[in-house]
Amino acid sequence: MLQDIACEVRGHLGNGKVASYIPELKKVPKTKFGMAVHTADGVEVSVGDAAEPFSIQSISKLLTLILALCRGGDEVWERVGKEPSGTPFNFLAQLELEKGVPRNPFINAGALVVTDYLRQKVGAVAPVVRDYARVLTGSDGIDVNTQVAMAEFAHAHKNLAIAHLLRTYRTIHSDPSTLVREYCNQCALEVSCSQLARLFLPLAAGGFSRILGETVMTERIVRRVNALLMTSGVYDSVGSFAYRVGLPAKSGVGGGIVAIAPGKCSIAVWSPGLDRSGNSLVGTLALELFAQRTKLSVLG
Ligand code: GLU
């Protein structure tokens, strides 16, 4: 099935725009396409460039949220909401109107709050996120691309503005510049589709990691994270994404998307050309085809 999907999307490769606001990401060819599926009962399949590591960017927000919930329970919800934002991921005005409380943990403001929260618990966040990804995939090679992180930080004026606004409202405690540097590091983690599908398999398996042979997050966390992915995981196109794909998912401007079919499988796709909202154009199409064929989504 993955081979068929790869054939069907081929004609669309090259469409969309790469995230040029992070200069290093401009260099990645738009024709890349990879897809991997890991089932809850242990089958792993992949197609195309599924073994090639890419910049996970916003998908790292899913890792920091899971870590924050695992370490601190519901405490983090005192500082960030659970509603879709309906605005672009780095929109500033909504934050001011809503007195410094971000709508959800997947827009940049919310992710900065989660990273700030984690910094208080664990110190430097990026190495903890990297090690978590290494352990849950069983791949020691996963790392942060420091060039991508530095290139993003050099242009991070909007994220710095968001962090300063958060600091003004005391939603964060860290120095804004230190926090945004940390955030750029976590976003610059490079992971392949095969590794991503493996990494997030516990969200499709009631919290159980097949790699470790143990439960790594409670079912309560799994259910809640999947709900947030459904309502806020793909920027301001959650509605049209649900309409087409119908699965909880998190995307990143590196062109990756991770989707969860609860109880069944995790799916990762990568193709760098992005649509208007910042989601992988071909990746969304591939997930739409997958959901249609497997009937694993809420769309039936
Ligand atoms: N590091 C990116 C930013 O903050 C992540 C955005 C994304 O992938 O949505 O702009």
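Counting convention: from 1, in listed order, for ligands and their atoms alike. Predicted model, so just to flag it, every value in this text is computed and none were measured.
Less than 4.0 angstrom separates some heavy atom of Cys187 from each of these atoms of ligand 1: 1 (N). Each of the following atoms of ligand 1 lies closer than 4.0 Å to a heavy atom of Tyr235: 7 (C), 8 (O), 9 (O). When each atom of ligand 1 is checked for a heavy atom of Gly252 under 4.0 Å away, the hits are 8 (O).
The local environment of CZ in Arg276 is sparse, with at most 12 non-hydrogen atoms from other residues, nucleotides or ligands closer than 6.0 Å.
Contact check on Asp143 versus Arg134 returns a salt bridge, with a Lys/Arg side-chain nitrogen under 4.0 Å from an Asp/Glu carboxylate oxygen.
Residue pairs meeting the side-chain hydrogen bond (donor to acceptor under 3.5 Å, both in side chains) criterion with at least one partner in residues 249-264, sequence neighbours excluded, are Ser251-Asn279.
With a 4.0 Å cut-off on non-hydrogen atoms, Ser58 touches ligand 1 through its backbone as well as its side chain. When non-hydrogen atoms are compared, ligand 1 lies under 4.0 Å from the side chain of Asn108 (C-beta onward) but not from its backbone. Contact annotation for Glu152 and ligand 1: only side-chain heavy atoms (C-beta onward) come within less than 4.0 Å of the ligand.
To the nearest 0.5 Å, the span separating CE on Met35 from CE on Met1 amounts to 9.0 Å. For the atom pair Thr284 OG1 and Ile257 CD1, the distance stands at 3.5 Å (nearest 0.5 Å).
Looking at atom 10 (O) of ligand 1, its nearest protein heavy atom turns out to be Tyr21 OH, 2.5 Å. Among all protein heavy atoms, the one lying closest to atom 5 (C) of ligand 1 is Gln57 OE1, 3.4 Å. At the top of the distance list for atom 4 (O) of ligand 1, counting protein heavy atoms only, stands Tyr183 OH, 2.7 Å.
Residues Ala156 and Cys184 approach most closely at CB-SG, 4.5 Å, considering heavy atoms.
Using a 30° and 60° split on the angle between ring planes, Phe89 and Tyr235 fall in the tilted class, from 30° to 60°.
The shortest heavy-atom distance from Asn90 to ligand 1 is not under 4.0 Å.
Between Gly254 and ligand 1, a contact under 3.5 Å exists for no N or O pair.
Relative to the ring axis of Trp77, Lys82 places its NZ or CZ within 45° and under 6.0 Å from the centre.
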